[in-house]
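The block underneath contains the structure these notes are about, expressed in structure tokens.
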Amino acid sequence: MNDSLEDRVRAVEDKLAIFHLIASHPPAADTGTDRYYRDAFAADGEMDLGGGKGARGNATIGALVKTPEHQAAIAGGLCHFAGLPRVEVDGDSAVAISYLQIITPDRQAAPREVPGHGSTTGFRIHRVGANRWELRRGKDGWKVVRQSRNPALPGKVGEVIMAAR
Amino acid sequence: MNDSLEDRVRAVEDKLAIFHLIASHPPAADTGTDRYYRDAFAADGEMDLGGGKGARGNATIGALVKTPEHQAAIAGGLCHFAGLPRVEVDGDSAVAISYLQIITPDRQAAPREVPGHGSTTGFRIHRVGANRWELRRGKDGWKVVRQSRNPALPGKVGEVIMAAR
Amino acid sequence: MNDSLEDRVRAVEDKLAIFHLIASHPPAADTGTDRYYRDAFAADGEMDLGGGKGARGNATIGALVKTPEHQAAIAGGLCHFAGLPRVEVDGDSAVAISYLQIITPDRQAAPREVPGHGSTTGFRIHRVGANRWELRRGKDGWKVVRQSRNPALPGKVGEVIMAAR
């Protein structure tokens, strides 16, 4: 290790800053907090939702969680669940792969009981897949330049991961 | 950055200490290890399970996993699954938002096979939602002062997250 | 704290290096990247899959994701989902407990729509449980010496966790 102690501390801080940015996504999505997206994305940042769908610009991306559709999803019980991300920092750029589940209450199943844990009709994984985040460090810290997501459908998870290399 | 290198290292250690505390919860819950709760919670720490249910005091909270109900849940196959937490430290206080799934074997479904991954009847998400942890640093390190959890039911996830701000 | 600042930085780097190794597993498993296993495991590292099944040697372990069975699972939509790990480092050895879900598309369910989040037939948790990783630091960094996994079946999760103590 030839890096200075300060460089090493900064490398650790960078990783944790990107963890924080990814960990802050589910609470923002599940509460419709557009400010998160405006802060986390670069002004010209992109969100690629696949199939030609997406949005460009941090304000436009933030506005997505204020749409009636997203608000209806929240009202129905919406839960974004983020796994442990893989983050690789290279100077002022970084690429992260994170897995994400979108979970909703299962309203069609019969209730079941787990001892000491109450009775529920359970929850349903509506989507799961890998997200790729491209980030850049600027004067205001790390910002998302591009986020792509691919569902766990045949060949899809790999697409976004392979592109991350 | 005007913080000293030592302050910056301490900030990183604080984050990872709280990650560790949250990551240690599922193994303790799934094995009925009351010692975890006694160590992790402050002597007068509170667990708010929602709906007016909860417990106060680290010994009382720890005792919950020794009840016949919890032991029966473990015997039936119990899996707590923690996502990536969002941790904000402010001096000697911290607030963390972590998502948690409670998963059990699905005993009613027909077995299905995944090539190279055997045949199972699958697993069922019994509960999922956001936990809010309020922590305080004392002479024995970080301790949980209050834990609240809200299931991913309409409006519930947001309740606990909004309260964390 | 009597450790030098450099020791403290190294302790933090160690934790994050092991996080990275665990976070890199799902992308490798879901894309059939054998190189990950060759790099992550020690030359004589072991993978204990339970029930007397397993593999020894980093090349042999890596080859598992190149088998027709694993490739068929990927082609069918395969998603490994890792939770927040609990990592304990002791000098040049470490033990980690991480939870892992193996998720596949549910092809038998009827499609359901979530407002603003499209329509899917949902996903199914095929396996979930706790993994125990034993690691050792060598001249090439942290390597997995032994990985054991236990599904969330009655008594099974606890087996691997208890053994980690």
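So you know, we letter chains A, B, ... as the sequences are listed, proteins then strands, and number each from 1.
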Contacting region of [X] [heavy-atom separation from chain B under 4.5 Å]:
{"X": "C:Ala130", "value": "neither"}
{"X": "C:Gln101", "value": "both"}
{"X": "C:Ala82", "value": "backbone"}

Chain C interface, residue from B:Glu113, B:His20, B:His80 that has the most non-hydrogen pairs under 4.5 Å: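 The candidate making the most pairs under 4.5 Å is B:His20.
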Taking every non-hydrogen atom, the tightest pair across B:Phe123 and C:His126: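 The answer is CE1-O, 3.5 Å.
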Closest heavy-atom pair and its distance - B:Pro115, C:Ala73: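 Nearest heavy atoms, B:Pro115 then C:Ala73: O-CB, 3.4 Å.
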Side chain to side chain contact (heavy atoms under 4.5 Å, CB included) evaluation trace for B:His25 with C:Arg86: CA-CA 9 Å; B:His25 169 232; C:Arg86 176 181 200 276; over 6 Å; no
Look up atom [atom1] in [X] and atom [atom2] in [Y], then write down how far apart they are to the nearest 0.5 Å.
{"X": "C:Arg124", "Y": "B:Arg124", "atom1": "CZ", "atom2": "CZ", "result": "14.5 Å"}
{"X": "C:Leu84", "Y": "B:Leu100", "atom1": "CG", "atom2": "CG", "result": "11.0 Å"}
{"X": "C:Arg8", "Y": "B:Arg10", "atom1": "CZ", "atom2": "CZ", "result": "7.5 Å"}
{"X": "B:Thr31", "Y": "C:Ile97", "atom1": "OG1", "atom2": "CD1", "result": "9.5 Å"}
{"X": "C:Ile102", "Y": "B:His117", "atom1": "CD1", "atom2": "NE2", "result": "4.5 Å"}
{"X": "C:Ile125", "Y": "B:Thr104", "atom1": "CD1", "atom2": "OG1", "result": "9.5 Å"}

Over 12 non-hydrogen atoms of neighbours within 6.0 angstrom of CZ in B:Arg112: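 Yes - once you tally the heavy atoms of other residues, nucleotides and ligands closer than 6.0 Å, there are more than 12.
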C:Arg137 atom CZ, over 12 foreign heavy atoms within 6.0 Å: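 Yes, enclosed.
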Whether C:Tyr99 and B:Phe81 hold their rings parallel, tilted or perpendicular, with breakpoints at 30° and 60°: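 Ring orientation of C:Tyr99 relative to B:Phe81: perpendicular.
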Leading residue by heavy atom contact count with chain B [cutoff under 4.5 Å; candidates C:Lys15, C:His70, C:Arg127]: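 The residue among C:Lys15, C:His70, C:Arg127 with the greatest pair count is C:Arg127.
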Interface residue of largest heavy-atom contact number with chain B, from C:Val9, C:Val87, C:Thr67, under 4.5 Å: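 Heavy-atom pairs under 4.5 Å are most numerous for C:Val87.
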Segment of B:Ser98 engaging chain C (4.5 angstrom heavy-atom cut-off):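 No part of B:Ser98 comes within 4.5 Å of chain C.
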Interface moiety of B:Leu21 toward chain C, non-hydrogen atoms closer than 4.5 Å: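 No part of it gets close to chain C.
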